[in-house]
2 protein chains.
Amino acid sequence: MTTEKRGPDEAVRDDLQLERFLPYRLSVLSNRVSNAIAQAYGSRFDLTIPAWRVMAILGRFPDLSAAELVEQTAMDKVAISRAVSVLQRNDYITRSEDPADRRRQVLNLSPLGREVYERIVPLAQQYENDLMSSLTPEERAQLDSIIEKLMDRAQDWAERGLID
Amino acid sequence: MTTEKRGPDEAVRDDLQLERFLPYRLSVLSNRVSNAIAQAYGSRFDLTIPAWRVMAILGRFPDLSAAELVEQTAMDKVAISRAVSVLQRNDYITRSEDPADRRRQVLNLSPLGREVYERIVPLAQQYENDLMSSLTPEERAQLDSIIEKLMDRAQDWAERGLID
DNA sequence: CAATATTGGTTACATTTGTAACCGCTATGA
DNA sequence: TCATAGCGGTTACAAATGTAACCAATATTG
């Protein structure tokens, strides 16, 4: 007998099984994955995760401003600003003032930055492939749509206010 | 035409689509979910995520030591130590020295702590239910086993060393 | 039964991250 | 056209987190 008997009036208060709790599991999984990968390229190229994200976006979309990076990355503008400033210090990106709007700075990978980018991309893909290879093709498709749904729901919380 | 033609000798370097990159998606999803929930009970009970995790475990498993909490939570011992010390300051948990081993401290929810615990558990479950309700029953089962697999793979990275 | 290693837990310090205030520029509208 | 609001981006400060060194107690072993 694994469950306890409870009288009808007794409050049914199930314990929380943390190890089964989705938010907790997501957090542990995400941290494990991110830390492993961050270590992989952090040790080779001295890049933090935010910095690498900025490079990943700039590699595909040149001539973005910091504000546009914010849209693309789900990072906040302070994080972007910091990442951009270290990337520039490392000569991985270039900044140029937009003559049409002197507040705006146009960002791009430098030649050195692009070299690094092109070396990291396959590395990142290798990690993703390795992760994905533990799933069947069906599971990969399922995961894709599941993440999408969960993301939308969590987004609702932020927009429409929290539950209760 | 969405793909570019490449000559046979040309290096095939696909860009990284960050928004399709699993580690990135996991991280965004996890942060959204955790932040929303942390805000929900943080604002009511002034609890951080680590502190709440400690309480969640102690609610189910009384008389644990900090080291045992480390095993259960995937948090590191400094984080546990800090969480424990604020929880004790708030009178949410009690510490008692283990007479058999004077280094060890036995931790438990205090009556106040248990009250809070019993109020948070349903709240947490409500959030989880809300998340899960965006999935079909099949998807929930799929997600469960997918997470398991990904977790194992990421665990391998940590244990066997990284790729490459 | 010393000497040494190991364990449980905390402290100290550096790094990262979040929040708010802020500066300069551009847009708006009376 | 000038006051003011809004935007792009940075700075300053506080809070959270990671890493390593550390202290005291117990285990080990020669």
Side-chain angles (χ1 to χ4, degrees), chain A residues 27-28 30-32 34-39 41-43 46-54 57-58 63-90 93-108 158, chain B residues 27-28 30-32 34-39 41-43 46-54 57-58 63-90 93-108 158:
Chain A
S27 157
V28 172
S30 168
N31 284 339
R32 274 196 196 159
S34 292
N35 289 338
I37 299 184
Q39 192 181 328
Y41 51 65
S43 64
D46 191 35
L47 281 178
T48 62
I49 290 180
W52 159 242
R53 283 186 185 169
V54 166
I57 297 292
L58 287 179
D63 296 320
L64 295 186
S65 68
E68 289 161 336
L69 281 172
V70 168
E71 288 172 33
Q72 297 273 339
T73 55
M75 296 164 62
D76 86 87
K77 63 180 190 164
V78 177
I80 296 281
S81 170
R82 293 199 260 241
V84 161
S85 92
V86 318
L87 285 172
Q88 192 191 23
R89 236 193 312 289
N90 295 349
I93 68 174
T94 61
R95 278 168 154 160
S96 54
E97 193 181 69
D98 181 347
D101 181 344
R102 288 178 24 243
R103 295 167 301 183
R104 197 166 173 279
Q105 311 196 337
V106 179
L107 304 172
N108 274 293
Chain B
S27 158
V28 172
S30 169
N31 285 340
R32 274 197 196 158
S34 292
N35 289 340
I37 299 184
Q39 190 181 329
Y41 51 65
S43 65
D46 192 35
L47 281 179
T48 62
I49 290 179
W52 160 241
R53 284 187 185 168
V54 166
I57 297 291
L58 287 178
D63 295 322
L64 294 186
S65 67
E68 290 161 337
L69 281 172
V70 168
E71 288 173 34
Q72 298 272 341
T73 54
M75 296 164 61
D76 86 87
K77 63 182 191 162
V78 178
I80 296 282
S81 170
R82 294 198 259 240
V84 162
S85 92
V86 319
L87 286 172
Q88 191 192 24
R89 235 193 314 289
N90 296 350
I93 67 174
T94 62
R95 275 167 155 162
S96 54
E97 193 181 70
D98 181 347
D101 182 344
R102 285 171 33 239
R103 293 167 302 185
R104 196 168 173 280
Q105 310 196 340
V106 179
L107 305 172
N108 275 293

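To find a chain, count down the sequence lines: A is the first, B the second, and so on, and within it residues start at 1. In this text the structure is predicted, and so the values were computed from the model without any measurement. We use all heavy atoms of the structure for the numbers below, so side chains are in, but hydrogens, waters and symmetry mates are not.
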### Query
Under 3.5 Å, is there a donor-acceptor pair between the side chain of Gln72(A) and the main chain of Leu69(A)?
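Checking the backbone N and O of Leu69(A) against the side chain of Gln72(A), no donor-acceptor pair under 3.5 Å is found.
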
#### Entry: chain A contact limits on DNA chain C, taken 5' to 3' with a cut-off of 4.0 angstrom to heavy atoms
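It runs dT17(C) to dT26(C).
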
#### Entry: Interface with DNA chain C, restricted to residues 93-104 of chain A and to heavy atoms under 4.0 Å
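Those residues whose heavy atoms fall under 4.0 Å from DNA chain C, taken from residues 93-104 of chain A in numerical order, are Asp101(A), Arg102(A), Arg103(A).
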
### Query
Counting only heavy atoms not in Asp46(A), do more than 12 sit closer than 6.0 Å to its CG atom?
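Counting other residues, nucleotides and ligands, CG of Asp46(A) stays at 12 neighbours or fewer.
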
### Task
Report which part of the nucleic acid Val84(A) touches: base, sugar-phosphate, or nothing (heavy-atom distance under 4.0 Å, all strands).
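Touches nothing.
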
### Query
Contact class for Ser65(B) vs. all strands (heavy atom < 4.0 Å): base, sugar-phosphate, or nothing?
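Answer is sugar-phosphate: Ser65(B) comes under 4.0 Å of backbone atoms only.
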
### Message
Starting the side chain at C-beta, find the nucleotide from dG18(D), dT10(D), dG8(D) nearest to Val78(A).
### Response
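Among dG18(D), dT10(D), dG8(D), the one nearest the side chain of Val78(A) is dT10(D).
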
### Query
What heavy-atom pair brings Pro99(B) and Arg102(B) nearest, and what distance separates the two atoms?
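What the structure gives for the nearest pair is O-CG, 4.3 Å.
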
### Task
Search all heavy atoms of Ser27(B) against all heavy atoms of Ser30(A) and return the closest pair with its distance.
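The pair with the smallest heavy-atom distance is CA-OG, 3.3 Å.
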
Send over the distance from [X] [atom1] to [N] [atom2], rounded to a whole Å.
| X | N | atom1 | atom2 | result |
| --- | --- | --- | --- | --- |
| Lys77(B) | dC23(D) | NZ | C1' | 11 Å |
| Asn31(A) | dT17(D) | CG | C1' | 11 Å |
| Asn35(A) | dG18(D) | CG | P | 8 Å |
| Ile80(A) | dG9(D) | CD1 | C1' | 12 Å |

Side chains of [X] and [Y] in contact at under 4.5 Å (non-hydrogen atoms):
| X | Y | result |
| --- | --- | --- |
| Arg53(A) | Ile57(A) | no |
| Asn108(B) | Asp63(B) | yes |
| Thr73(B) | Val54(B) | no |

### Query
Measuring from Asp98(A):CG to Ser65(A):OG, what's the distance to the nearest 0.5 Å?
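The CG atom of Asp98(A) sits 8.5 Å away from the OG atom of Ser65(A).
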
### Task
Check whether any side-chain nitrogen or oxygen of Ser81(A) sits under 4.0 Å from OP1 or OP2 of dG9(D), and answer yes or no.
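Result: no.
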
Listing, residues 74-89 of chain A side-chain donor-acceptor contacts under 3.5 Å, not counting sequence neighbours, or none:
unit_1   : atom_1 : unit_2   : atom_2 : d
Asp76(A) : OD1    : Val78(A) : N      : 2.8
Ser85(A) : OG     : Arg82(A) : O      : 3.3
Gln88(A) : OE1    : Arg95(A) : NH1    : 2.7

